[in-house]
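Encoded as structure tokens, the structure appears first; notes follow it.
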There are 2 protein chains.
Amino acid sequence: MPRRSLSHEKRREFLPILAKAFAELSYRRTTTAELARRCDVRENILYRLWPDKKAMFIAAIDYVFDLSAKTWGAILAECKTPAEGASRLLEYEARHHGEFGHHRIVFAGLSETDDPEIRAALRRMFGRFQRFLANQIETSRGRKSSKSAAEPAMIAWAMLGLGTAANISRELDLLTGAQRRRLIGQMGELLLSHSAA
Amino acid sequence: MPRRSLSHEKRREFLPILAKAFAELSYRRTTTAELARRCDVRENILYRLWPDKKAMFIAAIDYVFDLSAKTWGAILAECKTPAEGASRLLEYEARHHGEFGHHRIVFAGLSETDDPEIRAALRRMFGRFQRFLANQIETSRGRKSSKSAAEPAMIAWAMLGLGTAANISRELDLLTGAQRRRLIGQMGELLLSHSAA
DNA sequence: CCGATGTGTAACTGTTCACTTACATTATGA
DNA sequence: TCATAATGTAAGTGAACAGTTACACATCGG
């Protein structure tokens, strides 16, 4: 058995490049030729690492989630109370949301939901994000959560909507950076405050 | 000068069909052949009514906005006070949001924002929706708006985000119909109540 | 009834693109 | 050192698709 495979390493090496390409060009306009060019290899080499273009796209979706989850986890690790974590997270998002253009991968995916595998990948991603947020909200509200407090799940969805609105407004140049920060900061605060009401 | 043109009528006749096709298939996967098939004509006939496929898509975007604006206007016309209008609107959206699948046209457009014309069409659409909502919020809060009240523009964006989150959760089957109604209803109420705080 | 123009049919074209095949080269374990 | 499998190069294939062209027919004003 000669020459052990470097496939795993190569996959990891190429993943950020794929993600960037899909973010910049969306799914359909990203040609496999372009992907190969950016990775500085031939097309068939990519086809040895992934079965087809769709698999490359799904790998990019998962990569984006993993990256976000890692960042969020790091922020939370630095915080003492869950409540502090929630507002630190919000502040971070208000400042950096959409910075890497990764939300464009989500937009691209959302127009390919007819494909069951892409759909499943997005489901996984949104589901995880939503659960992550809901958990954070749940644990950050003290024991004193009254009956009037809204469900964490709903608040989590509203927060996801807030982030998406921020991304759309950025994508279409409808809000300035400062306005987007106010949007996420103020509205997020509003939602959070009511989660503990 | 024989035989006056029926182009205008034809365009209006085909528009809902185009919109439906783009909503179901997204932009790239909607072929001009498929559009022609659904309209029960040949391709070149569509090309006499619109210069190219992109123009057909943009026409569909505008059509979707016009349709929504008309519905919203009708609801508002039935209401006495702006405040009643706001909550009726919310209730209506909670119940019917995304019903026609038109949000999928927006998703499709959001992955084609590299094209300046498509981008402009989306900008127009989101801008109008946001202004519509902001206006409604502005006029619905009484004279008694305190300093602590959030900016209508931000609340309007948050509402758009809420609608988008609802659409995503519907698209990916992550929330049931009842849950989506609660999401828009409760969270929308929350945002609105603070607009008048 | 004639000629101009609108409407319809049918076939075609040139390109783009996902994916493949054939073959050369290189590194490794036995 | 040699068989073996990984890695790389280059060219190609077949299908899909946006947009076009050529031509037949219908309808109307003059």
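No hydrogens, no waters, no symmetry mates; every other heavy atom, side chains included, goes into these values.
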> Near DNA chain D, under 4.0 Å by heavy atom, which residues of residues 14-23 of chain B?
Replying inline: none

>> I need the CG-P distance between Leu49(B) and dG19(D), as an integer number of Å.
In response: 15 Å

> Within the side chain of Gln179(B), is there an N or O that forms a donor-acceptor pair under 3.5 Å with the backbone of Leu175(B)?
Replying inline: no

> Listed in order of residue number, which residues of residues 50-59 of chain A have a non-hydrogen atom at under 4.0 Å from DNA chain C?
Replying inline: Asp52(A), Lys53(A)

> Tell me: CZ of Arg48(B) to P of dA10(C), nearest whole Å?
Replying inline: 14 Å

> Of the options Arg180(A), His102(A), Arg104(A), His97(A), which is the one that meets Asn167(A) in a side-chain hydrogen bond (donor to acceptor under 3.5 Å, both in side chains)?
Replying inline: His97(A)

>> Under 4.0 Å between a side-chain nitrogen and a carboxylate oxygen: does that hold for Glu9(B) and Arg12(B)?
In response: no

> Got a donor-acceptor contact below 3.5 angstrom from the Ser26(A) side chain to the Arg29(A) backbone?
Replying inline: no

> Any side-chain donor-acceptor pair under 3.5 Å between Thr164(A) and Thr164(B)?
Replying inline: no

>> Applying side chain to side chain donor-acceptor pair (under 3.5 Å) as the test, list every pair that has at least one member in residues 40-49 of chain B; sequence neighbours left out.
In response: Thr32(B)-Glu43(B)

>> If you apply the rule side-chain contact (heavy atoms from CB on, under 4.5 Å), what do you find for Asp62(A) with Arg124(A), and how did you get there?
In response: CA-CA 9 Å; Asp62(A) 290 339; Arg124(A) 212 162 48 229; 2.9 Å; yes

>> If I take atom CG from residue Leu162(A) and atom CD from residue Gln186(A), how far apart are they, to the nearest 0.5 angstrom?
In response: 10.5 Å

> With distance as the sole test, does Arg119(B) use its side chain to make a donor-acceptor pair with the main-chain N or O of Glu171(A) at under 3.5 Å?
Replying inline: yes

> Is there a residue in residues 27-46 of chain A whose heavy atoms reach under 4.0 Å of DNA chain C, and which residues are they?
Replying inline: Thr30(A), Thr31(A), Thr32(A), Glu43(A), Asn44(A)

>> Tell me whether Arg28(A) contacts the main-chain N or O of Glu112(A) through its side chain, where contact means a donor paired with an acceptor under 3.5 Å.
In response: no

> CD of Glu84(B) to CG of Leu76(B): how many Å apart, nearest 0.5 Å?
Replying inline: 10.0 Å

>> Without decimals, in angstroms, what is the distance between Tyr47(A) OH and dG12(D) P?
In response: 19 Å

> How are the rings of Tyr27(B) and Phe57(B) set to each other: parallel, tilted or perpendicular (split at 30° and 60°)?
Replying inline: tilted

> Quick one: does Arg88(A)'s side chain have a donor or acceptor within less than 3.5 Å of a partner on Glu78(A)'s backbone?
Replying inline: no

> Given axes from five pairs at either end, by how many degrees does the helix from dC1(C)-dG30(D) to dA30(C)-dT1(D) bend, rounded to 10°?
Replying inline: 0°

>> For Tyr92(A) and His96(A), take the angle between the two ring planes, folded into 0 to 90°, and tell me which bin it lands in: parallel under 30, tilted 30 to 60, perpendicular over 60.
In response: tilted

> Does the side-chain contact (heavy atoms from CB on, under 4.5 Å) test come out yes or no for Arg38(A) and Glu24(A), once each step is laid out?
Replying inline: CA-CA 12 Å; Arg38(A) 290 182 181 223; Glu24(A) 286 174 12; 2.9 Å; yes

>> Within residues 105-119 of chain A, which residues have any heavy atom lying less than 4.0 Å from an atom of DNA chain D?
In response: none

